[in-house]
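Below is one structure, written out as structure tokens, with a few remarks after it.
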Protein chains: 2
Amino acid sequence: MLVSSKISPKTTTRKAQIIDTSLEMMYRLGYQGTSMRDIASSVSMEAASLYNHISGKEAILSETCFTMAERLLKGLSEVNDIYFNPAEKLSLAVKNHVHILTENTFAGWVFVHEWRHLGDENRHRFVKLRDEYEKGFITILKQGEDEGVFQDVNNKFAVLTILASLNWVVEWYKPHGSMNPEQIAEKLTEFILSGLKKTNN
Amino acid sequence: MLVSSKISPKTTTRKAQIIDTSLEMMYRLGYQGTSMRDIASSVSMEAASLYNHISGKEAILSETCFTMAERLLKGLSEVNDIYFNPAEKLSLAVKNHVHILTENTFAGWVFVHEWRHLGDENRHRFVKLRDEYEKGFITILKQGEDEGVFQDVNNKFAVLTILASLNWVVEWYKPHGSMNPEQIAEKLTEFILSGLKKTNN
DNA sequence: ACTACTAACTAACATTTGTTAGTATTGCAA
DNA sequence: TTGCAATACTAACAAATGTTAGTTAGTAGT
């Protein structure tokens with residue numbers, strides 16, 4: 001079970017260093033633009049030595065993508081299991097999503113953008129998880145409709161649009177920016193629920 | 001002045017073929033994942049022959065990115081010049097955006113995702129245009145606030161979230177899917193303005 | 001018929017790529 | 001102190017990369 005420094009921050013193993021450095025470089029240059037030699041020199045070793053810690057380049061990508069996906073899924077299913085109010089569920093789902101994506105900004109970015117470069121097998125597995133995640137959101141929307149608190153919308157369309165807003169966070173979030181993840185999640189929830197138009201009350 | 005087949009669809013020059021093919025490949029494999037030899041074999045010639053039509057790999061990317069950016073900007077400034085009602089402006093701006101991104105799905109995708117791989121100079125120029133575009137949207141939001149029809153929100157934040165939803169279209173739009181660009185734009189406008197919550201009237 | 005241009009070709013270039021093999025060094029447990 | 005596992009190294013690999021040089025065939029204008 002492979003572990004990055006963000007998950008187990010105390011034991012900063014060489015492997016965790018390598019992965020963290022890789023993610024930062026992939027954030028800047030993209031997966032394909034980051035070579036094993038780039039990564040190696042960033043952690044002050046030779047490219048060949050990396051293979052004592054990781055099985056190859058794709059392993060860095062796949063580990064990151066799947067670790068992130070599983071954390072998102074776990075959070076979402078907890079929300080769906082424990083709470084009852086649809087608006088509250090949505091709010092918590094958003095918070096979960098933003099929290100995980102912003103916790104490690106580089107991992108968040110790689111997860112959102114670079115999964116496309118997974119090899120065929122991993123990519124198919126990944127897409128399945130993503131679909132599962134979308135279903136979890138649709139469940140919330142459906143419940144909201146059934147209870148008459150959400151509008152009747154094309155659920156698939158709505159979920160894609162919502163996830164788009166959520167994922168875009170990785171594009172501009174900065175750890176020391178003017179909004180922290182909690183505030184971002186709050187504003188996003190507000191936007192998703194109420195839109196731009198002024199209400200009458 | 002370089003012209004792709006989408007802009008001047010009648011004269012399908014060899015160059016236009018090359019660019020269109022390139023965009024499709026970059027959509028599938030990414031900019032860095034698409035080699036000149038890949039492109040060449042897709043148009044049935046040798047890699048070296050490509051240089052009779054284009055100055056290099058980056059030219060394909062930069063031409064696409066800047067052509068798209070200029071079209072978006074032109075559309076947006078027309079909207080801002082001609083119309084008065086903020087909600088109507090927003091609706092038309094969304095329509096413009098969706099229309100241009102979906103007209104050529106591959107170009108749309110490359111524009112949204114691959115501009116990061118522009119060289120330093122082009123990338124800086126591109127980011128300037130993007131900022132200008134965001135400002136055009138902010139103008140609309142501000143006007144809406146001033147006239148009391150939009151909520152007071154963090155404009156920068158709102159614009160980024162809105163553009164996120166709009167750009168995400170390139171992720172799932174299919175020319176022969178269940179919604180055409182007009183319908184997509186309409187639904188997006190609805191979502192941006194009204195959100196998910198049921199209104200009281 | 002001569003010229004100039006277009007667009008294709010082959011060949012080669014210097015790098016860079018991910019990865020493997022084989023070897024040396026280190027530090028800890030026995 | 002010996003032995004072992006972890007971790008680093010050098011060297012090399014075959015393949016792929018963007019691009020240039022030089023050449024050739026066809027075509028249009030004079």
Side-chain angles (χ1 to χ4, degrees), chain A residues 1-5 8 11-23 25-26 28-65 110 114-123, chain B residues 1-5 8 11-23 25-26 28-65 110 114-123:
Chain A
M1 186 72 58
L2 304 174
V3 176
S4 108
S5 78
S8 164
T11 34
T12 303
T13 62
R14 204 86 174 95
K15 171 167 182 183
Q17 286 175 35
I18 290 168
I19 290 187
D20 283 350
T21 300
S22 302
L23 295 180
M25 303 203 72
M26 290 175 185
R28 298 195 197 291
L29 309 168
Y31 175 74
Q32 316 219 48
T34 304
S35 74
M36 294 300 267
R37 284 168 182 81
D38 289 338
I39 296 168
S41 88
S42 276
V43 292
S44 305
M45 58 160 124
E46 295 301 316
S49 309
L50 293 172
Y51 290 80
N52 289 315
H53 303 276
I54 50 163
S55 64
K57 196 186 177 189
E58 182 168 337
I60 299 171
L61 181 59
S62 63
E63 245 181 79
T64 304
C65 290
V110 168
E114 305 298 322
W115 63 267
R116 282 165 196 284
H117 300 111
L118 288 168
D120 286 349
E121 194 198 314
N122 277 328
R123 199 176 60 257
Chain B
M1 187 72 57
L2 305 173
V3 175
S4 110
S5 77
S8 164
T11 32
T12 302
T13 63
R14 205 84 173 96
K15 171 168 183 180
Q17 287 175 35
I18 291 169
I19 290 186
D20 282 350
T21 301
S22 301
L23 295 180
M25 303 204 73
M26 289 175 186
R28 298 195 197 291
L29 308 169
Y31 176 74
Q32 316 217 51
T34 304
S35 75
M36 293 300 268
R37 284 168 182 81
D38 289 338
I39 295 168
S41 89
S42 276
V43 293
S44 304
M45 57 179 190
E46 295 300 314
S49 309
L50 293 171
Y51 290 80
N52 288 313
H53 304 275
I54 50 162
S55 64
K57 197 185 177 189
E58 181 168 340
I60 300 171
L61 181 59
S62 63
E63 247 181 76
T64 304
C65 290
V110 168
E114 305 297 322
W115 63 268
R116 282 167 195 283
H117 300 112
L118 288 168
D120 286 348
E121 194 198 313
N122 277 327
R123 199 176 60 257

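We name chains A, B, ... by the order of the sequence lines, and we start the count at 1 in each one.
Side chains of B:Ser35 and B:Asp38: a donor on one and an acceptor on the other come within 3.5 Å.
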Carefully, step by step, assess B:Val43 and B:Arg14 under the rule side-chain contact (heavy atoms from CB on, under 4.5 Å). CA-CA 9 Å; B:Val43 293; B:Arg14 205 84 173 96; 4.2 Å; yes
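A sub-4.0 Å separation between OP1 or OP2 of C:dC9 and a side-chain N or O of B:Ser49 is present.
As rounded to whole Å, 10 Å separates atom P of C:dT17 from atom CD of B:Gln32. Note: OH (B:Tyr51) to P (C:dA12) measures 19 Å, nearest angstrom. Atoms CG (A:Asn52) and P (C:dA24) sit 16 Å apart, rounded to a whole Å. The distance between atom CE of A:Met25 and atom P of C:dG18, rounded to the nearest whole Å, is 11 Å. The interatomic distance linking A:His117 (NE2) with C:dG18 (C1') rounds to 16 Å, in whole Å. Computed from coordinates, the A:His53 NE2 to C:dT19 C1' distance equals 16 Å when rounded to whole Å.
Atom OG of A:Ser49 is separated from atom CD1 of A:Ile54 by 11.0 Å, given to the nearest 0.5 angstrom. Expressed to the nearest 0.5 Å, how far CE of A:Met25 lies from OG of A:Ser41 amounts to 6.5 Å.
Here the options are B:His117, B:Lys57, B:Glu114, the test is side-chain hydrogen bond (donor to acceptor under 3.5 Å, both in side chains), and the partner is B:Gln32; only B:His117 passes.
Side-chain atoms of B:Arg123 come within 3.5 Å of backbone N or O of B:Leu118 as a donor-acceptor pair.
When DNA chain D is scanned in the 5' to 3' direction for atoms under 4.0 Å from non-hydrogen atoms of chain A, the outermost contacting nucleotides are D:dT7 to D:dA12.
Of the candidate nucleotides C:dA8, C:dG18, C:dA12, C:dA12 has the atom nearest to the side chain of B:Arg37.
At the heavy-atom level, B:Ser55 lies nowhere under 4.0 Å from the strands shown.
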